[in-house]
J.: 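Please see the structure below; I have some questions.
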Amino acid sequence: MALRSSGNRKLSFEILGKTRSLEEDDRSLLYRSTSDPIGLQSGVAKPSRNSRKKKKQKKRKEAIADSPVISEDPVAEQCGNDSSGTLVESTSENYGIRDNGNVNRISCVGSASVVVVEESVCQNVCGFGELRQRNVIGGGEEMAAVASRAEEDRAEMNGSKEPLPPAQPQPVVNGNVANKLDTAESLDWKRLMSEDPNYLYAVHKSPAKYFLDEMYSGNSLRRTTTLGSEKERERVYDTIFRLPWRCEVLIDVGFFVCFDAFLSLLTIMPTRILIKLWRFLTARQFKRLSAAELCDFGCFLVLACGVILLGQTDISLIYHMIRGQGTIKLYMIYNVLEIIDKLCQSFGGDVFETLFNSAEGLATCSQENMKFWIRRFVSDQALAMAFSILHSFILLAQAIALSTCIVAHNNALFALLVSNNFAEIKSNVFKRFSKDNIHNLAYADSVERFHISAFLLFVLAQNILEAQGPWFESFLFNAFVVFFCEMLIDIIKHSFLAKFNGIKPIEYSEFLEGLCKQTLNMQTEDSKKNLTFVPLAPACVVIRVLTPVYAAHLPYSPLPWRLFWIIFLISVTYVMLTSLKVMIGMGLQKHATWYVNRCRKRKHHLHFD
């Protein structure tokens with residue numbers, strides 16, 4: 001017996017039709033005559049054939065009228081349809097030959113709510129069978145009840161000769177009816193659109209009705225916009241308020257880290273070299289230099305060569321060459337120089353890392369490998385020197401181009417700033433960036449801001465030497481415009497980069513934590529994420545620019561007095577730079593300690609910067 005049901009409801013069964021069994025052509029084998037000795041001995045009169053048929057028809061009518069509601073059985077859950085409404089058929093067959101070899105099969109369809117009961121009756125004495133089918137409208141039912149009803153019907157029909165005509169399907173008690181296929185008229189597209197109120201605007205709708213529906217149908221932008229969520233609101237406020245603040249804090253701290261390295265190059269390195277020379281002159285005994293001392297001597301040699309070569313450069317010639325160009329050419333020159341500067345800044349860190357590695361190897365090598373490490377250190381020193389001098393010339397040309405824009409009276413500065421900064425936004429914002437790339441980009445913006453400060457110092461020095469009339473207020477205004485535009489562009493760039501790449505403002509707090517750990521010389525997981533800045537090229541440009549300013553303010557006196565004033569000015573400058581170095585260095589140390597401790601207390605960086 002195969003059963004298919006829909007299993008979540010109580011279903012009723014109604015037997016709609018039954019068929020009769022075929023019997024043997026030889027009726028004498030199945031029906032005994034009234035003169036049968038056995039029948040006569042029993043003393044019971046056999047009922048007539050017509051009376052038997054009337055009784056059976058009466059029983060069938062009572063069974064149809066009193067069709068019971070069969071409660072659901074767990075076994076019925078074996079056949080059903082899933083929660084999505086997909087029709088699931090479960091069929092199991094049980095073929096058994098009982099007294100007279102009957103073969104039964106029951107099928108149920110869950111979503112169609114039709115149960116088909118098929119019986120194949122084969123008499124033991126006959127050589128053929130007849131298939132009977134009954135359709136029952138309903139859902140899930142008990143297997144035992146259906147089986148018993150089928151057995152009773154089969155037993156009743158064994159004696160009948162003529163089958164009853166199948167009954168028409170009727171609605172059941174619980175209201176389930178057999179599903180009916182859609183006709184071609186019901187699938188007509190125009191009729192569907194006319195009957196569906198959602199499509200009513202497309203069929204026979206007046207302009208006034210359309211306008212009134214548009215007025216009272218809700219948001220006027222509902223077709224082109226969607227309702228935002230709390231996440232969308234959070235993203236908007238992150239882009240406008242939270243991320244710009246944290247990004248600016250990160251870039252400013254990076255700027256002061258670069259400034260601290262620049263001051264260390266001008267104050268700490270010369271002091272260590274003078275101390276080493278003094279010890280050598282007093283002891284008059286040569287000792288192998290340490291790795292730090294070799295690095296100091298190598299950087300000092302690069303700085304001295306760069307200042308000497310830049311001192312031979314005619315700045316006024318380069319200035320007039322650039323000033324004679326048009327605004328478009330000036331914009332192209334400045335952008336080319338800026339791109340080369342970024343490439344040099346990126347490659348310069350690798351060059352000096354190689355030099356410092358060779359210095360470490362030379363300081364710790366044995367006597368057998370001394371020649372190898374000396375040749376290696378000399379080659380790396382020559383490469384670092386050539387690269388730093390090239391980078392110094394690039395920065396000097398860029399400073400001269402910016403000075404030309406500031407001094408010009410045709411608004412070339414604003415044209416340069418607008419074109420250059422928006423080109424930077426276009427080249428960065430609409431690209432896919434990872435978290436590490438945005439981290440490196442923030443550090444590059446800090447280095448770029450320090451380079452702009454060096455350029456403005458060059459402009460100040462040129463104004464001191466050559467400007468006539470009141471110029472200081474104009475210089476302050478132009479410097480403010482340059483810094484403000486740079487800060488605004490950096491904020492816009494990072495805000496939309498974070499929006500398009502799914503970077504949260506909390507990530508910039510993590511960047512700042514890494515920078516603070518770098519300031520405290522704490523070991524980090526990935527040293528490649530550190531801020532890399534080599535201040536040798538900017539230092540060469542600043543010294544080259546400030547030297548004429550000092551020379552112009554020396555008094556005209558005999559040579560001993562001039563030497564005295566030179567030493568005095570250098571000493572005052574050194575004391576000022578050292579004091580500034582101590583202030584900035586200690587401030588960075590205190591800020592880094594406070595911030596790292598704060599991040600440790602709040603593990604998930606749930607703080608407001």
Side-chain angles (χ1 to χ4, degrees), residues 257-258 260-270 272-273 276-277 286 288-313 318 336-399 440 443-444 446-448 450-451 454-455 518 526-545:
V257 170
C258 296
D260 182 69
F262 175 80
L263 293 175
S264 298
L265 183 67
L266 297 179
T267 57
I268 304 300
M269 185 192 69
R272 296 176 62 177
I273 292 176
K276 185 62 180 178
L277 290 176
F286 180 78
R288 180 183 293 188
L289 300 176
S290 64
E293 292 171 346
L294 286 173
C295 293
D296 290 337
F297 276 104
C299 291
F300 180 77
L301 185 61
V302 171
L303 181 63
C305 293
V307 170
I308 292 173
L309 290 178
L310 286 181
Q312 305 298 322
T313 305
I318 300 175
V336 169
L337 294 174
E338 186 177 10
I339 292 173
I340 298 176
D341 173 32
K342 292 181 178 179
L343 294 176
C344 292
Q345 181 64 31
S346 176
F347 188 67
D350 299 335
V351 171
F352 278 91
E353 285 179 2
T354 304
L355 176 62
F356 297 157
N357 184 32
S358 299
E360 184 72 23
L362 180 60
T364 58
C365 68
S366 60
Q367 292 293 334
E368 292 80 7
N369 297 328
M370 181 68 69
K371 292 183 178 180
F372 167 76
W373 284 103
I374 289 176
R375 289 194 300 268
R376 182 172 175 175
F377 178 78
V378 170
S379 62
D380 292 343
Q381 178 69 35
L383 178 62
M385 189 179 300
F387 186 81
S388 296
I389 292 173
L390 175 63
H391 193 192
S392 301
F393 276 102
I394 296 297
L395 291 180
L396 181 63
Q398 196 173 358
N440 295 329
Y443 286 165
S446 300
V447 175
E448 182 183 5
F450 180 80
H451 285 174
F455 300 158
Q518 179 183 350
D526 190 2
S527 60
K528 295 296 183 181
K529 295 181 181 180
N530 292 338
L531 173 61
T532 302
F533 174 66
V534 181
L536 284 172
C540 293
V541 174
V542 170
I543 294 174
R544 168 65 181 85
V545 168

J.: Mind checking what makes salt bridge (charged side-chain N to carboxylate O under 4.0 Å, His left out) contact with Asp380, not counting sequence neighbours?
T.: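 Partners of Asp380 under the salt bridge (charged side-chain N to carboxylate O under 4.0 Å, His left out) test: none.
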J.: Which value, rounded to the nearest 0.5 Å, describes the distance between Asp296 atom CG and Ser290 atom OG?
T.: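 These two atoms lie 8.0 Å from each other.
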J.: Would you say that Leu289 contacts Lys276 through its side chain, given a criterion of any heavy-atom pair below 4.5 Å between the two side chains?
T.: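 With C-beta onward as the side chain, the pair touches.
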J.: Does Phe356 have more than 12 heavy atoms from other residues, nucleotides or ligands lying within 6.0 Å of its CZ?
T.: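 Yes, enclosed.
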J.: Who pairs with Ala454 by side-chain contact (heavy atoms from CB on, under 4.5 Å), at least two apart in sequence or on another chain?
T.: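 Ala454 satisfies side-chain contact (heavy atoms from CB on, under 4.5 Å) with Val542 only.
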J.: Roughly how far, to the nearest 0.5 Å, is CG of Leu531 from SG of Cys258?
T.: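 Reported value, rounded in 0.5 Å steps: 4.5 Å.
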J.: Quick one: list whatever passes ring pair (Phe, Tyr, Trp, His ring centres under 6.0 Å) with Phe262, sequence neighbours left out.
T.: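 Partners of Phe262 under the ring pair (Phe, Tyr, Trp, His ring centres under 6.0 Å) test: Phe450.
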J.: Not counting sequence neighbours, which residues clear salt bridge (charged side-chain N to carboxylate O under 4.0 Å, His left out) with Glu360? List them please.
T.: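 Residues passing salt bridge (charged side-chain N to carboxylate O under 4.0 Å, His left out) with Glu360: none at all.
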J.: Using the side-chain contact (heavy atoms from CB on, under 4.5 Å) criterion, which residues pair with Val545? Sequence neighbours excluded.
T.: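 Counting only residues at least two positions away or on another chain, Val545 forms a side-chain contact (heavy atoms from CB on, under 4.5 Å) with Phe458, Ala461, Val541.
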J.: Ala359 and Leu294: which non-hydrogen atoms are nearest, and at how many Å?
T.: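 Heavy-atom minimum between the residues: O-CD1, 3.5 Å.
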J.: Can you check side chain to side chain contact (heavy atoms under 4.5 Å, CB included) on Leu383 and Thr354, steps first, answer last?
T.: CA-CA 10 Å; Leu383 178 62; Thr354 304; over 6 Å; no
J.: Nearest 0.5 angstrom please: Cys305 SG to Leu310 CG, how far?
T.: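 The distance works out to 11.0 Å.
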J.: Are any of the side-chain heavy atoms of Glu448 and Glu338 separated by less than 4.5 Å?
T.: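 SC-SC contact between Glu448 and Glu338 confirmed.
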J.: Only counting residues at least two apart or in another chain, list the ones meeting side-chain contact (heavy atoms from CB on, under 4.5 Å) with Ile268.
T.: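 With neighbours one apart ignored, the set is Ser264, Arg272, Lys581.
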J.: Could you work out, with salt bridge (charged side-chain N to carboxylate O under 4.0 Å, His left out) as the rule, every residue matching Arg288, not counting sequence neighbours?
T.: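 Not a single residue meets the salt bridge (charged side-chain N to carboxylate O under 4.0 Å, His left out) criterion with Arg288.
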J.: Between Asp350 and Glu353, is there a side-chain heavy-atom distance shorter than 4.5 Å?
T.: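 Counting from C-beta outward, Glu353 and Asp350 do come under 4.5 Å.
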J.: Below 4.5 Å, heavy atoms only, C-beta onward: do Thr313 and Leu309 meet side chain to side chain?
T.: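 Thr313 vs Leu309: side chains apart.
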J.: Could you go through residues 385-399 and list every donor-acceptor pair under 3.5 Å that involves a side-chain atom there, pairing it with any protein atom two or more places apart or in another chain?
T.:
{"unit_1": "Ser388", "atom_1": "OG", "unit_2": "Ala384", "atom_2": "O", "d": "2.9"}
{"unit_1": "His391", "atom_1": "NE2", "unit_2": "Asp341", "atom_2": "OD1", "d": "2.8"}
{"unit_1": "Ser392", "atom_1": "OG", "unit_2": "Ser388", "atom_2": "O", "d": "2.7"}

J.: Does anything in residues 299-308 pair up under salt bridge (Lys or Arg N to Asp or Glu O under 4.0 Å), and if so which pairs, sequence neighbours excluded?
T.: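 Salt bridge (Lys or Arg N to Asp or Glu O under 4.0 Å) check on residues 299-308 returns no pairs.
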J.: Rounded to the nearest 0.5 Å, what separation is found between the CD1 atom of Ile340 and the NZ atom of Lys342?
T.: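 Atom-to-atom, Ile340:CD1 and Lys342:NZ are 12.5 Å apart.
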J.: Can you name the residues that form a side-chain hydrogen bond (donor to acceptor under 3.5 Å, both in side chains) with Glu368, not counting sequence neighbours?
T.: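 For Glu368, the residues satisfying side-chain hydrogen bond (donor to acceptor under 3.5 Å, both in side chains) (neighbours in sequence not counted) are Ser366.
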J.: Enumerate the salt bridge (Lys or Arg N to Asp or Glu O under 4.0 Å) contacts for residues 387-399, please, sequence neighbours excluded, ordered by first and then second residue.
T.: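 Found none.
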J.: Got a list of side-chain donor-acceptor pairs under 3.5 Å for residues 369-379, not counting sequence neighbours?
T.:
{"unit_1": "Ser379", "atom_1": "OG", "unit_2": "Arg375", "atom_2": "O", "d": "3.2"}
{"unit_1": "Ser379", "atom_1": "OG", "unit_2": "Arg376", "atom_2": "O", "d": "2.8"}

